[in-house]
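Note on naming: letters A, B, ... go to the chains in the order of the sequence lines (proteins, then strands), and numbering restarts at 1 for each one. On a predicted model such as this, the values are computed, not experimentally measured, just so you know.
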Number of protein chains: 2
Amino acid sequence: MTGQVRTVDGRVAGRRGQATRQKLLDCLSEMLSSSPYRDVKVIDVARKAGTSPATFYQYFPDVEGAVLEVAEEMATHGAALTELLEGRSWVGKAGWQTAQELVDGFLEFWRKHEAILRVVDLGAAEGDKRFYKIRMKILNSVNNSLADAIADLQAKGRVDKDVNPAAVAGALVAMLASVASHQKGFQSWGVKQAELKPNLALLVHLGVTGKKPTK
Amino acid sequence: MTGQVRTVDGRVAGRRGQATRQKLLDCLSEMLSSSPYRDVKVIDVARKAGTSPATFYQYFPDVEGAVLEVAEEMATHGAALTELLEGRSWVGKAGWQTAQELVDGFLEFWRKHEAILRVVDLGAAEGDKRFYKIRMKILNSVNNSLADAIADLQAKGRVDKDVNPAAVAGALVAMLASVASHQKGFQSWGVKQAELKPNLALLVHLGVTGKKPTK
DNA sequence: TCGGTAAGCTGACGGCATGACAGGACAAGT
DNA sequence: ACTTGTCCTGTCATGCCGTCAGCTTACCGA
């Protein structure tokens, strides 16, 4: 499917090569967590991996190229987000639970991949299609499921006709992503993490069903 | 209030100096709009301003320092966002209009300052307190007004007791900011800008009042 | 066991951005 | 014209970037 892993100059990477490559990616991930994206240098990543800059350039065209790899890897893990919504109900108490579990799972995922998601968000906002596609790949699973749920309720007449399911779903997903990125910001507004989640779930529930949840 | 503008080495800047300084800031702004943050170099900004890198370093410690200035300037303009909510009603048709105008004004502001806001968002997400404070300064005006409105309705018994006004307000503001940053993303979900706004307004109204708007 | 071949790594190098400084250009007041 | 303080830039040491030739290592077939 993906074909063989290749170096920049076209050689196929063997066992040792792939290990080095992966180590560089891991070290890059760590660097992204500990220092601003702007200050992440090839030489630092290489040093951290116990190798030389020249080796780095064998496997990646530049820092951005390597970041894209890290992001791609993370995006495949993001497929698990689909499970948060698959076959769930939005009616009654079950609906409230669905909303809660979505918020919980989403925030957890974002927290776990905080550093790389920051960079993906930036790249997407800057209009880079590669980052933008990765961001879509992650959000689409959640977004599509949400939009379907809204469209379903709409078909049954439980949601107004003039609601655009995709727009509402997208806005809710954007909200979750943004809140996850700036959780610390809420603390200065006197909102604790534990308080935040149910309020987010409330908004999600309101957005999807148009009604307050029954708890 | 802010005192005199000073160079890095402590001299007070005169008329000519301030003009040069401002020109550098303007050129930096342009650079941020046209190229990725990571690739904005002092030498490019200086060249664009028709001066030398050494001059840049007389007024700013580094690119980040200059970016903070641009952001600060933008943040003061952001005070105008307060007007979108001051003295507005959230009841009946007026409530729907309030929500619409908030969404409109917010998106417009974000669009106008897109480039610098991207960088502020990144800096804040990375935990840099300076960027984080600027982000707060912009969002606080809207957030506080929203939280007050919710708390008001809550006091009147129109909103559930277990809603945390600050949390809901913060989440709604985060949603607006995120959607504004990634408007292009919605196009690939088949959502046009014109469709997006009323749906955002709907979510805002739902979040604040807990009820569907009367149009 | 022994080469042969391809993978894997690095030292070294030209090029460019950074950041500091000292000195020259310039404007304003006397 | 002279002085004073502001303003700008040429220059330099330093450090990262990105490339290449060449060396080492692992694998494999004879």
Side-chain angles (χ1 to χ4, degrees), chain A residues 2-28 30-32 34-70 119 123, chain B residues 2-32 34-70 119 123 128:
Chain A
T2 56
Q4 290 159 308
V5 178
R6 290 192 173 265
T7 57
V8 168
D9 55 335
R11 279 204 311 277
V12 295
R15 223 185 56 250
R16 188 154 73 112
Q18 293 204 22
T20 304
R21 198 184 121 101
Q22 192 57 49
K23 188 164 195 177
L24 284 166
L25 287 176
D26 293 344
C27 291
L28 173 59
E30 276 186 61
M31 295 299 296
L32 286 176
S34 60
S35 45
Y37 180 44
R38 204 168 192 283
D39 299 340
V40 172
K41 308 287 179 195
V42 169
I43 199 169
D44 296 322
V45 177
R47 254 201 288 265
K48 201 177 184 70
T51 180
S52 78
T55 300
F56 181 96
Y57 285 106
Q58 255 194 353
Y59 296 105
F60 311 104
D62 49 26
V63 171
E64 207 183 60
V67 164
L68 276 166
E69 291 286 311
V70 175
V119 181
Chain B
T2 57
Q4 289 158 308
V5 178
R6 289 189 175 267
T7 57
V8 168
D9 55 335
R11 276 204 319 277
V12 295
R15 222 184 59 250
R16 190 155 71 112
Q18 293 204 21
T20 305
R21 197 183 121 102
Q22 192 57 48
K23 187 163 195 177
L24 284 167
L25 287 177
D26 292 344
C27 291
L28 173 59
S29 262
E30 276 185 62
M31 296 297 297
L32 286 176
S34 60
S35 45
Y37 179 43
R38 202 169 195 282
D39 298 340
V40 171
K41 307 289 179 194
V42 169
I43 198 168
D44 296 322
V45 176
R47 252 201 290 266
K48 201 178 184 70
T51 179
S52 77
T55 301
F56 181 97
Y57 285 107
Q58 235 178 17
Y59 295 105
F60 312 105
D62 50 25
V63 172
E64 206 183 62
V67 164
L68 276 166
E69 292 286 312
V70 175
V119 181
D128 187 312

Within the pair B:Y59 and D:dC8, is there a side-chain N or O less than 4.0 Å away from OP1 or OP2?
yes
Can you tell me if B:T20 touches the phosphate of D:dC8, counting only side-chain N or O atoms and a distance under 4.0 Å to OP1 or OP2?
yes
Quickly work out the A:L24 CG to C:dT10 P distance and round it to whole Å.
10 Å
Are any non-hydrogen side-chain atoms of A:P36 and B:D128 less than 4.5 angstrom apart?
no
Taking 4.0 angstrom as the limit, do A:D44 and A:K41 come out as a salt bridge?
no
Determine: side-chain N/O of B:Y57 to OP1/OP2 of C:dG19, distance under 4.0 Å, yes or no.
yes
Using the closest heavy atom to pick a nucleotide of DNA chain C for each, name whichever of B:D44 or A:G50 lands nearer the 5' end.
A:G50
Using atom CD of B:E64 as one end and atom P of C:dT18 as the other, report the distance to the nearest whole Å.
13 Å
Measure the CG-CZ distance between B:L28 and B:F56 for me, rounded to the nearest 0.5 Å.
6.5 Å
Quick one: side chains of residues 14-24 of chain A, donor-acceptor pairs under 3.5 Å with protein atoms, not counting sequence neighbours, listed by atom name and distance.
| from | atom 1 | to | atom 2 | distance (Å) |
| --- | --- | --- | --- | --- |
| A:T20 | OG1 | A:R16 | O | 3.1 |
| A:R21 | NH2 | A:E69 | OE1 | 2.6 |
| A:Q22 | NE2 | A:D26 | OD1 | 3.2 |

Quick one: B:R47 CZ to D:dC8 P, roughly how many Å, whole number?
18 Å
Keeping the roles fixed (side chain from A:R47, backbone from A:S52), state whether a donor-acceptor pair exists under 3.5 Å.
no
Set out, line by line, the N/O atom pairs under 3.5 Å between protein and nucleotides 22-28 of chain D.
| from | atom 1 | to | atom 2 | distance (Å) |
| --- | --- | --- | --- | --- |
| D:dC27 | OP1 | A:R15 | NH1 | 3.2 |

Separation between OH of B:Y57 and CG of B:D62, rounded to the nearest 0.5 Å
7.5 Å
Distance, rounded to the nearest Å, where A:Q22 contributes CD and C:dG8 contributes C1':
17 Å
Please report the distance, rounded to the nearest Å, between CZ in B:F56 and P in C:dG19.
9 Å
Of A:R38 and A:V12, the one whose closest nucleotide on DNA chain C sits nearer the 5' end is A:V12
Are the side chain of A:T7 and the backbone N or O of A:R11 linked by a donor-acceptor pair below 3.5 Å?
yes
In the structure I gave you, are the side-chain heavy atoms of A:V45 and A:M31 within less than 4.5 Å of one another anywhere?
yes
Integer-rounded Å distance: D:dG18 C1' and A:D9 CG
13 Å
Does a salt bridge link B:K48 with B:E30, judged by any charged N lying under 4.0 Å from a carboxylate O?
yes
C:dT10 OP1/OP2 closer than 4.0 Å to side-chain N/O of A:T55
yes
Starting at atom CG of A:D39, determine the distance to atom C1' of D:dC17, rounded to an integer number of angstrom.
16 Å
For every nucleotide of nucleotides 11-16 of chain C, 5' to 3': is a protein heavy atom under 4.0 Å from its base (B), only from its sugar-phosphate (S), or from neither (-)?
B-----
Please state how far atom CZ in A:F60 lies from atom P in C:dC9, giving the value in whole angstrom units.
12 Å
Which heavy atom in A:P53 sits nearest to a heavy atom in A:I43, and how many Å separate them?
CG-CG1, 4.0 Å
Counting only side-chain nitrogens and oxygens, does A:T51 get under 4.0 Å of the OP1 or OP2 atom of C:dT10?
yes
